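Notes follow once the structure below has been shown.
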Amino acid sequence: MIRRAVLVLLGLVWIGPTYLLLVNAARPAGSYDPGSAWVPSGDFALFENFGRALEGADLTQSLASTALYSAVSPLLGVLVGALAGYTIVVLRLKYGFWWFLLIFGGTIFPSQMLLVPLFVGYSDAGLYDSRLGMILIYTAINVPLAAFVLRNFYSGVAFSIFEAARMDGASTWRIFWRIYLPISASALTAVFILEFTFIWNDLIFGLTLTQTEEVRPVMTAIAGLMTDVYAGTPVPVGLAAGLVVSLPTVVLFLATQRLFARGLSLGSF
């Protein structure tokens with residue numbers, strides 16, 4: 001009984017902020033009152049508020065840019081990570097473990113440590129405030145996770161498969177493309193979902209490496225909208241924008257949760 005009560009209490013604490021978000025994002029923009037934030041207004045103005053956010057912060061262009069980043073960078077990341085895992089494990093690259101440490105070792109540093117060097121490097125290279133620059137950085141930070149999962153996955157695949165394909169005359173690239181890549185589809189999908197979610201919700205790199213509405217990610221645009229709350233942007237408008245924009249990642253995870261769980265378990269040899 002005590003355990004159940006504790007779990008219920010913790011569940012309510014966890015659900016509380018979500019409840020506040022839903023209730024206040026759906027109330028009319030002009031009726032927000034901090035003193036009655038816990039009480040539903042009785043009206044449903046979520047999409048009206050989101051429409052105001054779309055117009056006020058020009059989220060359409062940011063959404064298009066974020067969709068581009070979230071689709072292209074994870075695809076490139078999982079492909080490069082799969083190639084790294086295949087080269088290290090299957091092709092038995094010399095000093096493969098140390099190469100893997102070099103790839104994965106960058107993840108031990110906080111992202112904040114990279115911001116100043118990235119800003120300076122991007123400014124010098126002409127990549128600052130460009131979609132190409134954002135695709136490159138998102139791809140680079142996603143490769144280590146993909147390499148980690150695919151290295152573990154390929155370690156559990158019988159090496160005789162590679163030997164048999166080589167005896168049949170297949171090239172190393174053909175073996176990777178026609179055999180190893182298809183059998184690792186579940187693991188690749190799991191990594192893609194994780195990386196898609198990370199890129200869609202990213203704020204810190206968007207704040208540092210972008211400036212214009214055409215390039216900046218949507219979460220950066222919403223952050224700019226929320227900073228204008230005291231300058232005239234109603235709180236429900238900012239909350240509605242954040243809620244609606246977060247829905248694609250929720251829908252993607254719910255639609256692929258079985259495949260996601262299967263892919264992670266396959267990559268845990």
Side-chain angles (χ1 to χ4, degrees), residues 68-115 117-118 121-122 127 132-163 165-166 170-202 204-205 209 217 249 252-253 256-257 259-269:
L68 175 66
Y69 305 149
S70 300
V72 175
S73 294
L75 284 175
L76 294 175
V78 297
L79 178 60
V80 175
L83 283 169
Y86 174 75
T87 303
I88 292 171
V89 175
V90 182
L91 301 185
R92 299 181 177 179
L93 179 68
K94 190 176 182 180
Y95 306 118
F97 177 73
W98 297 105
W99 281 108
F100 170 74
L101 286 184
L102 179 64
I103 295 173
F104 194 73
T107 60
I108 67 175
F109 301 105
S111 299
Q112 291 80 354
M113 293 180 60
L114 307 176
L115 297 181
L118 275 173
Y122 266 48
L127 293 174
L132 175 60
M134 296 304 294
I135 290 174
L136 289 177
I137 185 58
Y138 285 140
T139 301
I141 61 180
N142 286 327
V143 167
L145 174 62
F148 174 75
V149 174
L150 272 300
R151 173 181 174 271
N152 291 344
F153 180 87
Y154 291 145
S155 297
V157 178
F159 186 69
S160 58
I161 295 178
F162 176 80
E163 293 177 321
R166 288 293 291 167
S171 63
T172 54
W173 171 254
R174 186 176 181 85
I175 296 172
F176 169 75
W177 190 255
R178 299 297 297 272
I179 299 177
Y180 279 84
L181 203 61
I183 65 176
S184 60
S186 296
L188 291 170
T189 302
V191 176
F192 177 88
I193 295 170
L194 283 173
E195 296 180 347
F196 177 95
T197 303
F198 168 78
I199 293 173
W200 189 274
N201 294 324
D202 173 64
I204 189 170
F205 290 106
L209 302 177
T249 57
L252 176 65
F253 180 79
T256 59
Q257 56 181 329
L259 187 60
F260 176 76
R262 182 186 174 200
L264 288 185
S265 64
L266 288 173
S268 60
F269 292 102

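As a basis for the values below, the full set of heavy atoms in this structure was taken, side chains included, without hydrogen atoms, waters or symmetry mates. Computed from a predicted structure; not experimentally measured.
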With side chains defined as the heavy atoms from C-beta onward, is the minimum distance between Leu83 and Trp173 less than 4.5 Å? yes
For residues Trp200 and Phe196, establish whether the separation of their ring centroids is below 6.0 Å. yes
Might you point out which heavy atoms bring Thr172 and Arg166 nearest each other, and give the distance in Å? N-NH1, 3.8 Å
Does the side chain of Phe153 come within less than 4.5 Å of Val157's, by heavy atoms? yes
List the atom of Ser184, the atom of Leu181, and the distance in Å for their closest heavy-atom pair. OG-O, 3.0 Å
How many angstroms lie between atom CD of Glu163 and atom CD1 of Ile161, to the nearest 0.5 angstrom? 10.5 Å
Under 3.5 Å, is there a donor-acceptor pair between the side chain of Ser73 and the main chain of Ser70? no
Determine the interplanar angle of the Phe97 and Phe100 rings, folded into 0 to 90°, and report it as parallel if under 30°, tilted if 30 to 60°, perpendicular if over 60°. tilted
Flag side-chain contact, heavy atom, 4.5 Å: Val78 against Val149: no
Would you mind reporting whether Ile137 and Leu127 have side-chain heavy atoms less than 4.5 Å apart? no
4.5 Å side-chain heavy-atom contact, Ile179 and Arg174: no
In the structure I gave you, are the side-chain heavy atoms of Trp99 and Thr87 within less than 4.5 Å of one another anywhere? no
pair Val191-Phe148: side-chain heavy atoms closer than 4.5 Å: no
Arg92 to Phe159, cation-pi by 6.0 Å centre distance and 45° axis angle: yes
Establish, from distance only, whether the side-chain atoms of Asp202 and Tyr138 form a donor-acceptor pair under 3.5 Å. yes
What are the two closest heavy atoms between Gly77 and Ala146, and how far apart are they? O-CB, 3.5 Å
For Leu150 against Ala82, the heavy-atom pair lying closest together: CG-CA, 3.8 Å
Can you check whether Leu115 reaches Phe205 side chain to side chain, under 4.5 Å on heavy atoms? yes
Over 60° means perpendicular and under 30° means parallel, so tell me whether Phe176 and Tyr86 are parallel, tilted or perpendicular. tilted
